[in-house]
Every structure is written in structure tokens, then in C-alpha cells.
Amino acid sequence: EAQVTQNPRYLITVTGKKLTVTCSQNMNHEYMSWYRQDPGLGLRQIYYSMNVEVTDKGDVPEGYKVSRKEKRNFPLILESPSPNQTSLYFCASTHRGASSYEQYFGPGTRLTVT
Amino acid sequence: DQQVKQNSPSLSVQEGRISILNCDYTNSMFDYFLWYKKYPAEGPTFLISISSIKDKNEDGRFTVFLNKSAKHLSLHIVPSQPGDSAVYFCAASASRFGNEKLTFGTGTRLTIIP
């Protein structure tokens, strides 16, 4: 089954304690990205990757890092989490057709930073 | 600066009637538009898309209309069913520039009344 998986689904942590949210896709997609969803703001892109070893900032990259060492995995790293990073996070990978494309989203990771 | 706007946070529609969800955008570079549906505790799922070279795209009960001069698109669901109750996000991208990044609206919560 084609899917995007994220782990963990729920995480409560304390300010400053480094954490990683993993993301994996089994569809051999080149383009992957991370979003955060906050009330009244919709989904905002944090980082994206157009292929292995190619990453770039999205709209809200501050406080986050990513890596893309292999095509299927795109982890999101919070080196020193702060309460304003409490949010719902989604990983996505993009299928590109001949004249269209769509993003497949993971189930989400709800992060609380106290 | 919200480049994609969904001005109705919520909408209630009787089962069997038409649901119309609206979306406005400000960035004239956008040339590809998508609608996503999101249930609680799940990631967004792709519903339908439209390229700027078209003004209408249909898929079963779902039709998306694009008015480029007004920078407006709408999603029509006919007939509405209880399973359509969800949050709907409009998204846009400037795909001709090779950028598959999606800019999302803030979402409209659709409730179908049995």
C-alpha cells in the first residue's frame, strides 16, 4: 500500500530537549516536504527536498533542520524545541504525473513543548 | 500575507443539497490549484485539482471552477453526503517555475446535516 508514515504520532517534550520526527514514503517520490498546521493559519511549509541531498527552506524554517540522505526518508529535527513549536506536523511526498501532481500526506505528529 | 484565502471558516449544508466552498488567491504566479479534505486525526487527502489552462474540472460528485480574472476558485459537491463532513483546504502552487510547493488556505469546516 502506497503511504507516508510518520513517527511518533504524539509527543510531549520539554523546552530544549532535541527531538526527531521521522518520515518515510514507499512511493519512490523525489519531492518531500514538512508542514505545520496551526489554528487559523492553515498548513505552512517548513522545509522541502527536491531529491536526495537537496533541501531548502519553506515559509517557516526557523528552529528546524532536515536531512535527506536517502530517497524514502525525510526526518524533521528540532535541535532545541521551544513552546512556539507546539503544533501539528505533517510530512508529504509528491507524485508528479504527465500534467499534474498531488501531495500525499502522512497522518500527522502532534507535538507539545512545555 | 495570506496568499490563499478561505473566508468562510465553516459551512453547514443539508444532505443531498449542493455544497460550495470558495477560495481566493492573490499571487498571479499561481497556476495550479488543489483541494484537500481532512478528517480529524488524519493527514489531508487529495480531492481534485485544476490547472490554470482550464476553468473547470470534474470528478464524480466534485467539480472545481477556476476564474482567473477574479483570482477565485470554488469546489462544488453534489449531492452532499454525511461522509463529506470534514475540513477542506484550498492550495495553490506556481508549478511552471518548477516549484511544487503548496500554499494553503486556512480551511473551511463543512458539516453535512442529515
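This one's a predicted model, so the numbers in the text were calculated from it and none came from an experiment. So that the names make sense, note that chain A is the first sequence line, chain B the second, and so on, each numbered from 1.
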A:E102 side, atom CD; B:L102 side, atom CG - distance, nearest 0.5 Å:
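A:E102 atom CD to B:L102 atom CG measures 10.5 Å (nearest 0.5 Å).
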
Assigning hydrophobic clusters by single linkage (Ile, Leu, Val, Met, Phe, Trp, Tyr; side-chain heavy-atom cutoff under 4.5 Å), is [X] placed with [Y]?
{"X": "A:L78", "Y": "A:Y47", "answer": "yes"}
{"X": "A:I46", "Y": "A:V113", "answer": "yes"}
{"X": "B:L11", "Y": "B:Y88", "answer": "yes"}

Does atom [atom1] of [X] have more than 12 heavy-atom neighbours, drawn from other residues, nucleotides or ligands, at distances under 6.0 Å?
{"X": "A:I12", "atom1": "CD1", "value": "no"}
{"X": "B:K68", "atom1": "NZ", "value": "yes"}
{"X": "A:R110", "atom1": "CZ", "value": "no"}
{"X": "B:R61", "atom1": "CZ", "value": "yes"}

B:F46 ring center within less than 6.0 Å of A:F105 ring center
no

Segment of [X] engaging chain B (4.5 angstrom heavy-atom cut-off):
{"X": "A:Q103", "answer": "both"}
{"X": "A:R9", "answer": "side chain"}
{"X": "A:S33", "answer": "neither"}
{"X": "A:L41", "answer": "backbone"}

Could you tell me which non-hydrogen atom of [X] sits nearest to which non-hydrogen atom of [Y], and how far apart they are?
{"X": "B:F89", "Y": "A:G42", "result": "CE2-CA, 4.1 Å"}
{"X": "A:L43", "Y": "B:P44", "result": "CD2-CG, 4.1 Å"}
{"X": "A:F90", "Y": "B:K38", "result": "CZ-CE, 3.4 Å"}

